[in-house]
Amino acid sequence: DKSSTLRSGWRGFRHRITVLHLLGNDRQGVSSEMPDFEYRIKGQTLVQIYDKYFTDEAIFAPHQKGFTGAKEEQAKITARLDEFEKTMQYEYIAGFEDFISDLKQHGVKCAVVTSSNIQKMLNVYERHPEFKVYFDRVLTSEDFAESKPHPDCCYLKGAAYFGVEPEDCVGLEDSFNGLKAVRASGAFTLGLATTNSREAIQPLSDYVIDDYRGFSFADLQRIVENAK
């Protein structure tokens, strides 16, 4: 039943946020050791990024003037991040509104499953008041104990919300961690080549699209059926 078994873990925005942007010129201690740091953390919650990469005082002390402690530095980054996200435009990926409207017209249940927190989503709603109408449920970082790429961070919970098996769902993702989470959940993995190249995400995807332009419910249904 397409009205209840296809679920979209949504990637509708064209934006990129990382802790590195908030560290500014003080980020060399991290980026020099992990040049792919931005891609490692995308899809993870801020709390989990802190816990994994920013608990050791040695990360901050050599690079931060007036350093007092890791927790204090984390609080500074969070405050700067909150301010930055208030000014973001949250532009839709090309073709998104036509595609999501087509899904809704065909009775497809859709959810957002995001590592972003409630505050960031409130910023989204302010920019796009229509956003909530597009989705049956929005799950944020506050709803998860795990982080991407763990499937229980979001996709398993999204499927459970609709009362369906993950194998009857479709997850749409652009990040490596997000794609890994969809695949680990058992859902059909539709990759978006909006952040990384087609070649880079193809091994983690069942199918890849560049954006939503010209992509319809009929296309999605055909792709999923052909993959069975």
Out of curiosity, H106 NE2 to S216 OG, how far, rounded to the nearest 0.5 Å?
-> 8.0 Å
For side chain to side chain contact (heavy atoms under 4.5 Å, CB included), just list the numbers for N226 and Y207, CA-CA rounded to whole Å, side-chain angles, deciding distance to a tenth of an Å, and then say yes or no.
-> CA-CA 11 Å; N226 288 343; Y207 195 87; over 6 Å; no
Enclosure of E167 CD (heavy-atom neighbours >12, cutoff 6.0 Å) = yes
Determine, step by step, whether T189 and E173 satisfy the side chain to side chain contact (heavy atoms under 4.5 Å, CB included) criterion, reporting the C-alpha distance in whole Å, the side-chain angles of both residues, the deciding distance to 0.1 Å, and the verdict.
-> CA-CA 8 Å; T189 309; E173 274 284 359; 5.7 Å; no
Under 3.5 Å, is there a donor-acceptor pair between the side chain of R127 and the main chain of K86?
-> yes
If we only count heavy atoms from C-beta on, is the L204 to K180 side-chain gap below 4.5 Å?
-> yes
Is NZ or CZ of K157 both nearer than 6.0 Å to the six-membered ring centre of F144 and within 45° of the ring axis?
-> no
If you take all heavy atoms of S205 and G191, which pair is closest and at what distance?
-> OG-CA, 3.6 Å
Taking all atoms of both residues into account, what is the closest heavy-atom pair of D143 and V138, and its distance?
-> OD2-O, 4.2 Å
Quick one: are Y212 and Y92 in side-chain contact, heavy atoms under 4.5 Å?
-> no
Measure the shortest side-chain to side-chain distance between T114 and M121 over non-hydrogen atoms and say whether it is less than 4.5 angstrom.
-> yes
Any donor-acceptor N/O pair, D136 side chain to C110 backbone, under 3.5 Å | yes
Measure the spacing between CG of L103 and CZ of F215 and express it to the nearest 0.5 Å.
-> 8.5 Å
Heavy-atom side-chain contact between K71 and Q74 under 4.5 Å = yes
Listed partners of D206 passing side-chain hydrogen bond (donor to acceptor under 3.5 Å, both in side chains), at least two apart | R183
If we only count heavy atoms from C-beta on, is the L192 to I209 side-chain gap below 4.5 Å?
-> yes
N117 (side chain) donor-acceptor with T140 (main chain) under 3.5 angstrom | no
Ring centres under 6.0 angstrom apart (F131, Y90) | no
N196 to D174 - nearest heavy-atom pair and separation | ND2-O, 3.2 Å
Going from CZ on F188 to CG on L172, what distance comes out if it is rounded to the nearest 0.5 angstrom?
-> 9.5 Å
For I118, does its backbone N or O pair with a side-chain atom of E142 as donor and acceptor, under 3.5 Å?
-> yes
Atom of S141, atom of S115 and distance for their closest heavy-atom approach = CB-O, 3.3 Å
Taking C-beta and beyond as the side chain, do V164 and C169 meet within less than 4.5 Å on heavy atoms?
-> yes
Partners passing side-chain hydrogen bond (donor to acceptor under 3.5 Å, both in side chains) against S101 (at least two apart in sequence or in another chain) = none
Between A111 and F162, what is the shortest heavy-atom contact and its length?
-> CB-CE1, 3.7 Å
N/O donor-acceptor pair under 3.5 Å between D102 side chain and F99 backbone = no
Of all the heavy-atom pairs spanning I201 and F176, show the shortest one and how long it is.
-> CG2-CE2, 4.0 Å
What residues form a side-chain hydrogen bond (donor to acceptor under 3.5 Å, both in side chains) with E72, not counting sequence neighbours?
-> none
Going through the distances and angles, do H128 and Y134 end up as a ring pair (Phe, Tyr, Trp, His ring centres under 6.0 Å)?
-> CA-CA 11 Å; H128 296 282; Y134 289 145; 9.0 Å; no
Salt bridge check: are E225 and K228 linked by an N-O gap of less than 4.0 Å?
-> yes
